[in-house]
Amino acid sequence: MLFTRRLLSPFASSIAKKLEHYSQFQPSSLTIQQYLDFGRSGTAKSSFLFLKNELLVRLANIMQEISLLPPNLLKMPSARLVSDWYCESFEDLLNFENADAHLDIVTRFNEQLQVILKRHSHVVETMAEGLIELRESDGVDIASEKGIQYFLDRFYINRISIRMLQNQHLVVFGSVLPESPRHVGCIDPACDVETVVTDAYENARFLCERYYLTSPSMKLFCHNAVHPSKPITVVSVPSHLYHIMFELFKNAMRATVEFHGVDEELPDIHVNVVCGQEDLSVKISDRGGGVSRTILERLFNYMYSTAPPPPRDGTQAPLAGYGYGLPLSRLYARYFLGDLFLVSMEGFGTDACVYLKAVPVEASEVLPIYSTSSRRNLTAGPQAADWSHQLPSIGSRPS
Ligand code: W6P
């Protein structure tokens, strides 16, 4: 009986009702300005009252989507583990459902958040392990691959948002220390983009030098179209921007060195940072030989990018290209309504363009909502081809 229920629903029936309840609410999307304002003038109590509800809503929304994953994926031990972590955290937070905002309760809540953050720290690697298990045991058809791609984009952006809420609360109202006195939680109200870009370049160059004993130089151009002659700053989460830039530099460096050769003169990586009225744009241009559009598409595909982890026996991991660096970087960019595009010219080089909202009231969180439409996308079977190039090859078609 217990076993049957587990097969029908991945979540124990004791919390199924609560899950059903909280997943009927849409997550509240906050702007980066609202995070900033609340960090400056909110209180630990009001933050607690908001968070205990909002975390349950965001967890419930994504847990409903987890339960719609292909059953053969949910049976894999690693995917099972991830699903159980979400279940445990949902249950942990339910303990505060009706608690009022006494100081000792808020303190216990903060400790609970630390436990949850730690529990979920290896979700990305564990989920990737689940995909490897699936590929090795069942194989993956095109339809499930599309479903998995759709799910993981939503799952990881939901995770980014839940960690943002928790971190922000713990830095502002808990005992986690801010990165600098200027920071409001994990937000820098005057994040200097040139500094973040330069740090990311230097750290990628360090890895590149260690791996290839050479590295391309960077030429950085900044253009502030709004306040000419002033440095370009944005209200942002610097760790997110750094993560994106570091990933793009590693890829650009690897392509440059591999295309030209370690003993050859290397073309510079050109970086343009431009601040306009609405958008902050960063373009990283390499002359690393580019990639075809077929390969470009695969760079954002979780299934294609799922390689077994590199051996830890002293054999070096490659500088870039194995893992979820690019799809996750695009989610970090999209999270506050930015984006990331790769434009490549095969035989020549690649431009990586990152856009962030320059106006903090316009930078709202992009959050997945569990709905009839997401349900359909997650459970859709194989679709009939409606373009000629998707048809099976001529020889195998009835005439
Ligand atoms: C390449 C492939 C790539 C991905 C991301 C960023 C830059 C580059 N360059 O050749």
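Just so you know, ligand 1 is whichever comes first in the structure, and atom 1 is the first atom listed for that ligand.
Inspection of the T306 and Y324 side chains reveals an N or O donor paired with an N or O acceptor under 3.5 Å.
With rounding to the nearest 0.5 angstrom, the CG atom of L319 is 8.0 Å from the CE atom of M253. The distance from the CG atom of L113 to the CG atom of L55 is 6.5 Å, given to the nearest 0.5 Å.
S46 places no side-chain N or O within donor-acceptor distance of the main-chain N or O of G42, the cut-off being under 3.5 Å.
Note on ring orientation: taking the six-membered ring where Trp is involved, the planes of H21 and F25 are perpendicular (angle over 60°, cut-offs 30° and 60°).
A cation-pi arrangement is not found for R205 relative to F249, the charged atom failing to lie both closer than 6.0 Å to the ring centre and inside a 45° cone about the ring normal.
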Please tabulate, one line per pair, the protein nitrogen or oxygen atoms found under 3.5 angstrom from a nitrogen or oxygen of ligand 1, with distances to 0.1 Å, or say none if there are no such pairs.
{"residue": "ligand 1", "atom": "9 (N)", "partner": "D286", "partner atom": "OD2", "Å": "2.8"}
{"residue": "ligand 1", "atom": "10 (O)", "partner": "T350", "partner atom": "OG1", "Å": "3.4"}

